[in-house]
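Here's the structure we're looking at; comments come further down.
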Amino acid sequence: MNTPNTGTLFGHPKGLFLLFGTEMWERMSYYGMRGIFVLYLVAFAGNFGWDMAYFDIDPLSATAEQDYSKALQSNALGILGIYAFFVYVTPVLGGWMADNKWGQRKAIIVGGLLMMCGQFALGTPHEYIKGMEVTFLWIGLICLILGNGFFKPNISTMVGDLYEDGDKRRDAAFTIFYMGINLGSILGYMVVGTIGEKIHYQYGFLTAGVGMLLGVLLQLALSNKYLGNVGVEPSAKQKKGNEAASNKPLTSEERDRVKVILIMSFFTIIFWLGFEQAAGSMNLFAKYKTDLVFFGWEMPASWLQSVNPIFVILLAPVFAAVWVKMGDSEPNSPKKFALGMFFLGLGFVSMVMAALQIGDSETAKAHVIWLVLAYLFHTMGELCLSPIGLSMVTKLAPLKYTSLLMGMWFFFSGVGNYFAALVGKLVGETGPLAAFGGVAIMAFVAGLLLWLLSDKLVDWMHGAEDSKPQTLDEKIEEEMSVTGAHEAMPENHNK
Ligand code: PHE
């Protein structure tokens, strides 16, 4: 890896801020589109041919209007669901492609351009494409799905590639990068959302496409200067030592590290399952069971959605600074993950308090502070887990699989999102108290388990979280520890 020496900004290589900017525009485009997508599908149902006959609704029946509006909404949510799922499957493909064929730099340009085309396809005015509206809709979605697959895992692995093995600034770097993600999402909701809802939904998509184009141009203009040769060559072709790394089977050390990534990924399923209640059950709780009236004015429930990205931006620099300041006593990544789980649990304790305040009453409303507190805790949890996870994958993945494993990381979060929807339905069936309480308990148990497992997991990392790269002697010692001698070693030999 050869990062150009163009100096640092806030103690980090300048390339980090280029990746920050590129990802910010991409997320602006992504979240902006997602924010208005279902609204667009419902508003333009007529143009897509989704009339009453399409849903088998008898226009003369007394409930026709209601049935139609329900059918339209569930149709729109169904399409969003398919999209949201596949968006997290394709990073596995995009990661493989970057590792083996293209390198990350090319993959994110191709991905960015594909996503731009996707937004433009969605934004093509219907009068120009009469009779092909549905075709354009799916072309748009497919471009976005494929494009995201090429873009998302690979921009993340490049952040890691800016740092040498064992560089302590890596977690902080990903936390800063995470601010770019959230700045982008706020920008998306504000700019794309406002243009979409106030002027025309399709102008919203066109704006999102322009945002993506800006990201691509930024990357094309500055990457040679600030990223040097990072991400230029596919990692499987990069030589390590004298031999091409790609031809050798994984060593037992590398296999242990992959095991750590997979175990930690499993815990992220539980985290996202809870965290993603934000857009579902917690959103509904906000709308129907929370007092949102202030001085006679009712706040839209959806405003609470931006509490999370705002907290991320406020708190990310604090977390990044705390990790760096803690120096040697900085918790290792499994412990940070465990903390993340505890924060998630605390967030749901706050939701339990809200549910208790309402009790059995049908009309009582909970105080909004419980929701804000819940989002605060959830954001703190997210900052202990999500950027740390990205960082961990880049630390632990064997070189030739880095982007592929990053793709898997996103895939697992997609699985978490899928389960989140199932849990959301449960809230409707069992009531908020039992469901939120259940999630809180699950989060605490998972956090505790992870805390107990953390030393073992760090052992399996084989020094990847050490402050300095291993010497040959240490490597040999590690190798022995895997083959059995390890029980006799002091517990914290590789901290
Ligand atoms: N805000 C994060 C992002 O867009 C949410 C996320 C986390 C998405 C984990 C995928 C996986 O990157």
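Atoms within each ligand, like the ligands themselves, are counted from 1 in listed order.
Residues K335 and W451 form a side-chain contact, since some pair of their non-hydrogen atoms from C-beta on lies under 4.5 Å apart. You'll find the side chain of F20 stays beyond 4.5 Å of the side chain of H12, heavy atoms only.
Of the polar atoms of R27, at least one N or O is found under 3.5 Å from an N or O of ligand 1, judged by distance alone. Taking any N or O of Y88, backbone or side chain, none lies under 3.5 Å from an N or O belonging to ligand 1.
Compare F271, F412, Y178, F275 by their heavy atoms: the one nearest to atom 6 (C) of ligand 1 is in Y178. When the heavy atoms of F411, Y31, F177, W409 are ranked by distance to atom 4 (O) of ligand 1, first place goes to Y31.
Side chain of T207 to main chain of V192: no donor-acceptor pair is present (N/O by atom type, distance under 3.5 Å, no hydrogens or angles). Counting only distance, with no hydrogens or angles, the side chain of Q305 and the backbone of A278 share a donor-acceptor pair below 3.5 Å.
Within ligand 1, the atoms closer than 4.0 Å to a non-hydrogen atom of F410 are 10 (C), 11 (C), numbered from 1 in the order shown. Those atoms of ligand 1 with a heavy atom of K152 less than 4.0 angstrom away are 3 (C), 4 (O), 12 (O).
Here W272 has side-chain heavy atoms under 4.0 Å from ligand 1, and that is the only part of it that gets that close.
Taking the six-membered ring for Trp, F174 and Y163 have ring centres at least 6.0 Å apart.
Ring geometry for W272 against F275 counts as perpendicular: the plane angle is over 60°, on a 0 to 90° scale with 30° as the lower cut.
For atom 11 (C) of ligand 1, the nearest protein heavy atom (residue, atom name, distance) is S413 OG, 3.1 Å.
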